[in-house]
Amino acid sequence: MAVPEQPLVAIVGPTGSGKTELSVKLAQHYNGEIICADSRTIYRGLDIGTAKPSQSERARVPHHMIDVVGPGESFTVVDFQRQATALIKDIRLRGKIPFMVGGSGLYIDSVLFDYKFTSHKPQTLTPDLLTKTVGELKDYCIDNNIELPENDRNKRYLIRAIQQKGVNRQRRSKPIEHTIVVGIATNKESLIARLRLRLNKIFTNKVVEETAIFGQRYGWNSEAMKGNVYRVAKQFIDGELTLEQAKEKALTLDWQLAKKQLTWLRRNPFIQWYSIEDAEKYISQLLEHRQRQ
RNA sequence: GCUGGGGUAGUGAAGCGGUCAAACACAUCAGACUGUAAAUCUGCCGGCAUAUGCCUUCGGGGGUUCGAAUCCCUCCCCCAGCA
C-alpha cells in the first residue's frame, strides 16, 4: 500500500510579512522541518542584520539552509536548489513535512519549477566578455544568432546568454508534485509598520558591532555585506548618517526589497495568497485532512 | 533695521532671455529576471492624450520684451553677517 507522500509546504512573501513566525508555529504543530529559502541567512555569523530565525525558534523546529557558508564564500541558486531538493527528499523519508519558507524568489522557483541549469559555472569563462560594452555584447549576439534576453541592456544577462548560446527557459510549467504554495498577502501600511518595528529592534549596538566585524573581515564589497541593514549600518559607522537617518534609509531599502520580491512572486499563478491568519487556517486544514487519511 | 545670499517639480540641486515641463541625483510607481537575486537591469516620474499634441508651472503681484524660471519694480518668506 503506497503511503501518500508528504506535501512540500512553501510559504512565500515579502520580507517582514511574518513568514518565520507562521512557519515555526505550523512546523512545530505538524511535525515539520524548515528550509529557509533566503539568500542572506545562508551566511554564517550575519545574524542580526539578516533577521535570522532566533535561537529559540530554531530550538523549537529544525531549520535548514541557515549558516551554510561563510560570508566570504560564494553561494548561488544552483547550490540552493541542489541542497534544498536533497533536504526535501530527506525530510520526507523521515516521515516529516518539509516547509520551504523565504522571500528569495529565484531560489524558491528553482526548486518549485525544477530549473535546469547548465552544467558548468558560467562565471569561470567570462574574462574577455566582461571587458566588452553592452553594445558590443549585443552585436555579438546578433552576429552569432544568439537570442537576446528580454532585458538586453543588462550586461550580466547578455554574457549569460552568450555563454549558454541563448536564453535558458527550461522549467516546468507547473510546480513539482505534492506542493502547497501559499503567499502571505499584506498591505503597504501594515507591512511598513512591521518593518519599522523590526528595524527599531535590529538597530542597536549589536548590529553596529556585527557590521564592523564582518565588514572588516570580509570587505565591504563582499556579497554578504550587501544586505540592507549592513549597507546602512556602515554609513552610520562612518558618520554619514545619524541613527534616525540610518533607520529611515533602511526602511526605504526594506520596502524596495519587499516590492521587488512581490513583483517576482506575482508572476507565479500557483501561489495562493492569504492573510497571515487565513494562511494558517488554510495550511492547517490541508494538513489535518492529510493526517486523517 | 541694514548688508549679503537664497526661494525651481515629492526631496536635494542645475538652469540665469528663446532649442525648458525644466539637466542630474534620490524617493515614488511599474516591469524584467534560470549559477552574484537583499544582486543586476529597464520604463515612468506636472496634468490630459496612444502620439511627433495640448494645457498649467519655476515664492506672490506688477512690468520690460516678439519671447522670461532667467531682466526690472514691489511684496512675502528663509539663511548668514552687522546692528
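Chain naming here is simple, since letters A, B, ... match the order of the sequence lines and numbering starts at 1 in each. Quick note: numbers below take in every heavy atom, side chains included, and nothing from hydrogens, waters or symmetry partners. A quick note: this is a predicted structure, and the numbers were derived from the prediction, not measured.
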Sugar-phosphate, base or nothing in reach of A/D109, heavy atoms under 4.0 Å: nothing
Separation of B/A30 P from A/Q256 CD (nearest whole Å): 12 Å
Touch class at under 4.0 angstrom, heavy-atom based, for A/K155 against every strand present: nothing
Within residues 7-23 of chain A or reaching into it, pairs that qualify as salt bridge (Lys or Arg N to Asp or Glu O under 4.0 Å) - sequence neighbours excluded: A/E21-A/R194
base_contact_polar (B/U42 base, A/N151 side chain, donor-acceptor, <3.5 Å): no
Under-3.5 Å donor-acceptor pair between A/Y115 side chain and B/A37 base: no
Sugar-phosphate only, base, or nothing, as touched by A/Q81 at under 4.0 Å among non-hydrogen atoms: nothing
Sugar-phosphate, base or nothing in reach of A/K188, heavy atoms under 4.0 Å: sugar-phosphate
Cation-aromatic face contact A/R267/A/W264, 6.0 Å, 45 degrees: yes
Any-strand Watson-Crick or G-U partner of B/A37, both distances under 3.5 Å: none
Given B/A37, B/G31, B/A39, the nucleotide with the shortest approach to the side chain of A/R266: B/G31
P spacing across the pair B/C76 / B/G60, given as an integer number of angstrom: 15 Å
Sugar-phosphate, base or nothing in reach of A/E150, heavy atoms under 4.0 Å: sugar-phosphate
Touch class at under 4.0 angstrom, heavy-atom based, for A/R82 against every strand present: nothing
Sugar-phosphate only, base, or nothing, as touched by A/T15 at under 4.0 Å among non-hydrogen atoms: nothing
Any donor-acceptor N/O pair under 3.5 Å between B/C33 base and A/Y157 side chain: yes
Watson-Crick or G-U wobble mate for B/C26, both contacts under 3.5 Å: B/G10
Sugar-phosphate, base or nothing in reach of A/Y230, heavy atoms under 4.0 Å: nothing
Nucleotide opposite B/C71 in a Watson-Crick or G-U pair, distances under 3.5 Å: B/G63
Residues in contact with RNA chain B, drawn from residues 193-211 of chain A - heavy-atom cutoff 4.0 Å: none
